[in-house]
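Down below is the structure, laid out as structure tokens.
Excluded from the calculations below are hydrogen atoms, water molecules and symmetry mates; all remaining heavy atoms, backbone and side chain alike, are included.
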Amino acid sequence: MTDDQIQFSDSLGGYNLGIAGYCLLQMAFVSFVFSYVTEWIGKLTEKPWMMCLAFIWYACFPVVSVTAGCTTKDVLFTTFALLEAILIYRMMKNREIAKTEYILWAVVSWFAVVLRSTGIYIFVVFSLILYLNLDKYKKRPFVISCFCVVLFWCFYAWPFYQLLGVQPVNKREMLSIPVQQLARAYNRGGDIRPDEKETLFEILPKERLEQFYEPRLSDPMKGSLKMEEIEKEPLKYAALWLKIGIRNAGVYISSFLDNTLAYWYPDGFVDGYTQYYSKYHLPGYELYRESSFFAPITEPPGERDSRLPFLESAIMKLMLTKLPQRVPLISMLFSPGMLFWLLLGSLACCMRERRREESVTLLFMLLIVLACFVGPIALVRYCLILFYGLPVMLTLPVEAFYAKL
């Protein structure tokens with residue numbers, strides 16, 4: 001839990017009661033959005049069976065139902081992003097848009113922006129794409145809405161953070177991929193000259209490079225970075241990364257693919273933390289002995305007190321073992337890599353049919369997933385949009401197909 005969530009819990013008269021209240025409020029909001037999306041699918045397609053399939057997915061699929069009650073901010077980010085995707089489609093599709101629609105889109109976008117550190121970058125890039133695809137008379141109110149989102153984000157990210165003593169995201173988070181590439185080049189026999197090694201050791205200690213490199217988890221290398229040295233001479237170390245990369249392009253590419261394997265390979269296991277635990281047996285990683293899929297755990301100061309132990313056992317087995325990732329066909333539903341290719345396929349179908357509204361909406365979802373590729377590890381909670389947005393990404397190409405008939 002974050003400090004804000006703990007303070008909120010304590011104000012309600014106890015941590016457990018506060019956590020329960022927070023979870024129930026979040027679950028109510030997530031359920032509302034799922035209901036809204038399900039109803040939207042029914043109205044859009046006018047096919048009850050598609051609405052029923054969406055309902056079954058949201059009500060029964062374990063990844064959706066389990067994560068909806070967890071306090072990780074990725075759940076709320078994904079929920080707002082899903083709602084934002086529907087509003088984007090409506091904004092492009094409807095010829096007349098009320099002012100309240102733009103206000104609602106701005107509010108939803110702002111929440112999505114502040115709930116993830118990469119949210120502002122996704123928003124800026126996609127806003128430009130959306131602006132270029134909107135009808136002329138929609139552009140002015142859209143620009144005003146974007147300006148309001150950025151303005152309130154600036155207020156939230158600077159004065160508000162300072163007022164509450166919130167620490168900004170460490171800059172080393174943005175270096176996950178480059179530091180992994182350098183470490184792989186060093187550990188896998190890459191072409192690195194002696195003078196380059198000496199420069200590399202200035203920001204990454206030799207013993208850390210040799211002992212703690214993990215292909216699917218950048219935390220050990222990222223945590224070893226001497227950021228004070230990088231901040232003194234950023235161009236020097238950027239040039240080092242570039243020079244080594246020119247001679248070791250294949251190593252850099254393989255490092256990126258290995259670090260993101262679970263995002264694009266349908267049969268890949270989500271096991272970045274698992275490999276780390278199995279090698280070092282570090283405290284805090286015990287739950288990831290078999291799988292790093294998703295950990296529905298209770299952290300201090302909360303206390304776990306399950307009244308349905310059989311259900312709890314089933315959930316933990318699904319989330320923290322390789323069982324659902326090994327069952328043929330069923331495993332594909334649990335695979336971020338498979339859902340990623342489904343998203344790409346849906347986007348390709350809509351683009352082929354020249355369906356601008358559907359294509360732009362799916363492109364927004366794709367940008368969220370692509371932003372995950374630069375993260376420190378491939379985890380389900382980062383790419384939840386693939387699971388929460390599956391009914392949408394399947395509905396839009398179907399709608400494009402029937403519209404052609």
Where do Phe77 and Tyr382 land on the side chain to side chain contact (heavy atoms under 4.5 Å, CB included) test, with the steps shown first? CA-CA 10 Å; Phe77 164 79; Tyr382 292 156; over 6 Å; no

Start with the C-alpha gap between Glu202 and Lys232, add the side-chain angles, then the distance that decides, and say whether salt bridge (Lys or Arg N to Asp or Glu O under 4.0 Å) holds. CA-CA 12 Å; Glu202 293 175 4; Lys232 286 178 184 177; over 6 Å; no

Assess the residue pair Trp105 and Phe123 against the criterion (ring-ring contact (aromatic ring centres under 6.0 Å, His included)); give the C-alpha distance rounded to whole Å, side-chain angles, the decisive distance to 0.1 Å, and a yes or no. CA-CA 12 Å; Trp105 177 81; Phe123 177 80; 5.8 Å; yes

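Using modelled atom types, one side-chain atom of Thr67 and one backbone atom of Val64 make a donor-acceptor pair closer than 3.5 Å. In this structure, Tyr131 contributes its side chain and Phe126 its backbone to no donor-acceptor pair below 3.5 Å. Without hydrogens or angle criteria, Asn248 side chain to Asp191 main chain gives a donor-acceptor distance under 3.5 Å. Lys93 contributes no side-chain N or O that, together with a main-chain N or O of Glu357, makes up a donor-acceptor pair within less than 3.5 Å. Ser335 places a side-chain N or O within 3.5 Å of a backbone atom of Pro266 that can act as its donor or acceptor partner. Using modelled atom types, one side-chain atom of Thr274 and one backbone atom of Tyr288 make a donor-acceptor pair closer than 3.5 Å. Judged by distance alone, the side chain of Arg356 and the main-chain N or O of Asn133 form a donor-acceptor pair under 3.5 Å. Between the side chain of Arg172 and the main chain of Leu225, a donor-acceptor pair closer than 3.5 Å is present. Using a distance-only test at 3.5 Å, with no hydrogens or angles considered, a donor-acceptor pair links the side chain of Ser359 to the main chain of Arg355. At distances below 3.5 Å, at least one donor-acceptor pair connects side-chain atoms of Ser346 with backbone N or O atoms of Met393.
Looking at Ser109 and Glu84, their side chains do bring a donor and an acceptor atom within 3.5 Å of each other. Defined by atom type and a distance below 3.5 Å, a donor-acceptor pair is present between the side-chain atoms of Ser291 and Gln325. Using modelled atom types, one finds no donor on one side chain facing an acceptor on the other under 3.5 Å when comparing Arg184 with Ser255.
Shown here are the ring-ring contact (aromatic ring centres under 6.0 Å, His included) partners of Tyr186, two or more places apart in sequence or in another chain: Phe201. Looking at residues two or more places apart in sequence or on another chain, you find no salt bridge (charged side-chain N to carboxylate O under 4.0 Å, His left out) involving Glu210. With sequence neighbours excluded, no residue forms a salt bridge (charged side-chain N to carboxylate O under 4.0 Å, His left out) with Lys99.
Between Leu343 and Ile385, the closest side-chain pair of non-hydrogen atoms is not below 4.5 Å.
Below 30°, between 30° and 60°, or above 60°: for Phe61 and Phe387 the angle between ring planes is below 30°, a parallel geometry. Between Tyr58 and Phe34, the two ring planes are parallel [angle under 30°; tilted spans 30° to 60°]. The aromatic rings of Phe373 and Phe340 sit tilted relative to each other, their planes meeting at an angle between 30° and 60°.
Put simply, the residue from Phe29, Phe152, Phe80 that forms a ring-ring contact (aromatic ring centres under 6.0 Å, His included) with Phe111 is Phe80.
Heavy atoms from other residues, nucleotides or ligands lying under 6.0 Å from CZ of Phe32 number 12 at most.
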